[in-house]
Asker: 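Sharing a structure here in structure tokens format.
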Number of protein chains: 2
Amino acid sequence: EKMLVRGVTRDNDVARIALCGVEDTPGKAFSVFRMLAKHGISVDLIIQSIGNGNKKDISFTTTEEDLQPVLDLLEENKDIIKADEVKWTKEVSKVSIVGAGMVNNSGVAATMFEALYDAHINISMIATSEIKISVLVDRKDAEAAVVAIHDKFMLK
Amino acid sequence: EKMLVRGVTRDNDVARIALCGVEDTPGKAFSVFRMLAKHGISVDLIIQSIGNGNKKDISFTTTEEDLQPVLDLLEENKDIIKADEVKWTKEVSKVSIVGAGMVNNSGVAATMFEALYDAHINISMIATSEIKISVLVDRKDAEAAVVAIHDKFMLK
Ligand SMILES: C[C@@H](O)[C@H](N)C(=O)O
Ligand SMILES: C[C@@H](O)[C@H](N)C(=O)O
């Protein structure tokens with residue numbers, strides 16, 4: 001079955017912020033992104049997973065330049081957002097595979113993750129759409145990640 | 001600033017599986033998706049967020065029909081995958097907004113989340129790409145979610 005993966009991309013200008021322990025009730029996600037939008041902060045990935053108990057973690061990525069402004073805003077607005085903890089890092093890169101025929105193809109994801117495993121690279125976060133699988137890895141591993149995935153899929 | 005949101009889509013044929021407490025070391029994500037690929041299981045969203053301690057939660061969605069096969073596979077392979085817990089639900093729908101100019105636009109996300117908040121709909125999960133913001137909501141809220149978002153963005 002043909003894997004229609006077209007390319008691997010890497011973005012080093014990434015900071016990842018996680019709001020840990022946000023109350024899982026309507027309006028919390030809105031409050032976070034309204035705050036960011038109001039201050040002209042662009043976001044790339046937004047990831048919210050299963051969470052724990054009646055709380056969720058909302059993670060998102062910005063440019064490195066926006067990290068400090070975001071942290072300042074979160075501090076100013078902490079009584080609105082009420083996260084238990086804010087975790088953040090700049091030592092992260094986004095590596096993505098882009099394709100057309102990847103729709104619902106767990107084999108493509110498995111192959112991408114195998115490439116990273118073979119290169120001993122840990123996957124910090126994952127987010128997918130039909131045409132793109134993105135992972136966050138440590139910045140120091142980003143170059144090797146691209147090479148490994150490129151070789152695995154035998155991209156020209 | 002023009003929000004180039006083109007449409008709202010809804011998918012009711014969704015089951016969500018979460019592998020909670022997977023060891024955060026290289027190869028774990030690979031083992032999960034290799035297992036699924038080997039058995040011809042398609043996945044739509046894959047979401048892995050910040051996790052807790054040295055463990056991560058890996059969530060993914062499949063069709064409702066594939067839920068039981070996936071749970072059976074996870075049970076058979078639990079010594080390989082070693083998640084602390086498997087959580088799952090069928091009572092979930094994926095609602096997405098699709099657009100062209102949404103790249104990095106936190107305002108678009110804020111507006112989508114505002115629509116859901118106004119309709120008192122809780123957002124269970126979030127995953128984004130440049131052209132798509134997807135959320136999981138309770139199945140019972142899916143219809144209302146589409147209407148609310150459609151009206152908010154004044155889509156024709
Ligand atoms: C945690 C957050 O996503 C919340 N469930 C909301 O709907 O806004
Ligand atoms: C948790 C899982 O993603 C692990 N970090 C891996 O690289 O496979």
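Small disclaimer: the values here were computed from a predicted structure and weren't measured. Chain letters run A, B, ... following the sequence lines, proteins first and then strands; every chain starts at 1. As a basis for the values below, the full set of heavy atoms in this structure was taken, side chains included, without hydrogen atoms, waters or symmetry mates.
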Asker: Count the heavy-atom pairs under 4.5 Å between each of B/Ile133, B/Asp24, B/Leu45, B/Thr25 and chain A, then report the option with the highest count.
Answerer: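 Greatest number of close heavy-atom pairs with chain A: B/Asp24.
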
Asker: Taking it one step at a time, do A/Ile47 and B/Ile126 satisfy side chain to side chain contact (heavy atoms under 4.5 Å, CB included)?
Answerer: CA-CA 5 Å; A/Ile47 294 173; B/Ile126 305 168; over 6 Å; no

Asker: Only pairs of heavy atoms separated by less than 4.5 Å count here; which of B/Ala37, B/Ser49, B/Ser31 has the most with chain A?
Answerer: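 When all of B/Ala37, B/Ser49, B/Ser31 are compared, B/Ser49 has the most.
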
Asker: Which atoms of A/Asn52 come close to chain B, meaning under 4.5 Å heavy atom to heavy atom: side chain ones, backbone ones, both, or neither?
Answerer: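 Contact with chain B is through the side chain of A/Asn52 alone.
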
Asker: Any side-chain to backbone donor/acceptor pair from B/Gln48 onto A/Ile123? Under 3.5 Å, distance only.
Answerer: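 Here the side-chain-to-backbone pair exists.
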
Asker: Specify the closest pair of heavy atoms between A/Phe113 and B/Phe33, including all atoms of both residues, with the distance to one decimal.
Answerer: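 It is CE1-CD1, 3.4 Å.
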
Asker: CZ of A/Phe30: more than 12 outside heavy atoms within 6.0 angstrom?
Answerer: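 Yes - once you tally the heavy atoms of other residues, nucleotides and ligands closer than 6.0 Å, there are more than 12.
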
Asker: Hey, any chance B/Val43 and A/Val5 share a hydrophobic cluster, counting ILVMFWY side chains that come within less than 4.5 Å of each other, even indirectly?
Answerer: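 Hydrophobic grouping puts B/Val43 with A/Val5.
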
Asker: With a sphere of 6.0 Å drawn around NZ of A/Lys87, does it hold more than 12 non-hydrogen atoms of other residues, nucleotides or ligands?
Answerer: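 Yes, because the 6.0 Å sphere around NZ of A/Lys87 holds more than 12 heavy atoms from other groups.
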
Asker: Check each atom of B/Ile46 against the heavy atoms of chain A and say whether the ones under 4.5 Å are side chain, backbone, both or neither.
Answerer: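 Backbone plus side chain of B/Ile46, per the 4.5 Å heavy-atom cut-off to chain A.
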
Asker: Quick one: does B/Thr128's side chain have a donor or acceptor within less than 3.5 Å of a partner on A/Asp44's backbone?
Answerer: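 Here the side-chain-to-backbone pair exists.
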
Asker: Within a strict 4.5 Å, meaning less than it, do heavy atoms of the A/Pro26 and B/Leu116 side chains meet?
Answerer: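 With C-beta onward as the side chain, the pair stays apart.
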
Asker: Are any of the side-chain heavy atoms of B/Asn105 and A/Ser42 separated by less than 4.5 Å?
Answerer: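 Answer no - side chains too far apart.
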
Asker: Does B/Met125 share a hydrophobic cluster with B/Val108, counting links as ILVMFWY side-chain heavy atoms below 4.5 Å and allowing steps through other members?
Answerer: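 No, it is not one cluster - the side chains of B/Met125 and B/Val108 are not joined through contacts under 4.5 Å.
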
Asker: Nearest 0.5 angstrom please: B/Ile50 CD1 to A/Ile58 CD1, how far?
Answerer: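 Reported to 0.5 Å precision, the distance equals 12.5 Å.
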
Asker: Measure B/Lys28 against the heavy atoms of chain A and call it side chain, backbone, both or neither at under 4.5 Å.
Answerer: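 Neither; nothing under 4.5 Å.
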
Asker: Run the side chain to side chain contact (heavy atoms under 4.5 Å, CB included) test on A/Ser124 and B/Lys56 for me, step by step, so that the C-alpha distance in whole Å, both residues' side-chain angles and the decisive distance to 0.1 Å come before the verdict.
Answerer: CA-CA 9 Å; A/Ser124 158; B/Lys56 297 269 169 164; 3.9 Å; yes

Asker: Is B/Ser106 reaching over with its side chain to a backbone N or O of A/Ile41, donor-acceptor style, under 3.5 angstrom?
Answerer: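 Confirmed, B/Ser106 side chain pairs with A/Ile41 backbone.
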
Asker: Using the rule that two of Ile, Leu, Val, Met, Phe, Trp, Tyr join whenever any of their side-chain heavy atoms come within less than 4.5 Å, decide whether A/Val137 and A/Val147 are in one cluster.
Answerer: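 Per the 4.5 Å side-chain linkage, A/Val137 and A/Val147 are not co-clustered.
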
Asker: Taking the side chain from A/Lys132 and the backbone from B/Ser129, do they hold a donor-acceptor pair closer than 3.5 Å?
Answerer: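 No.
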
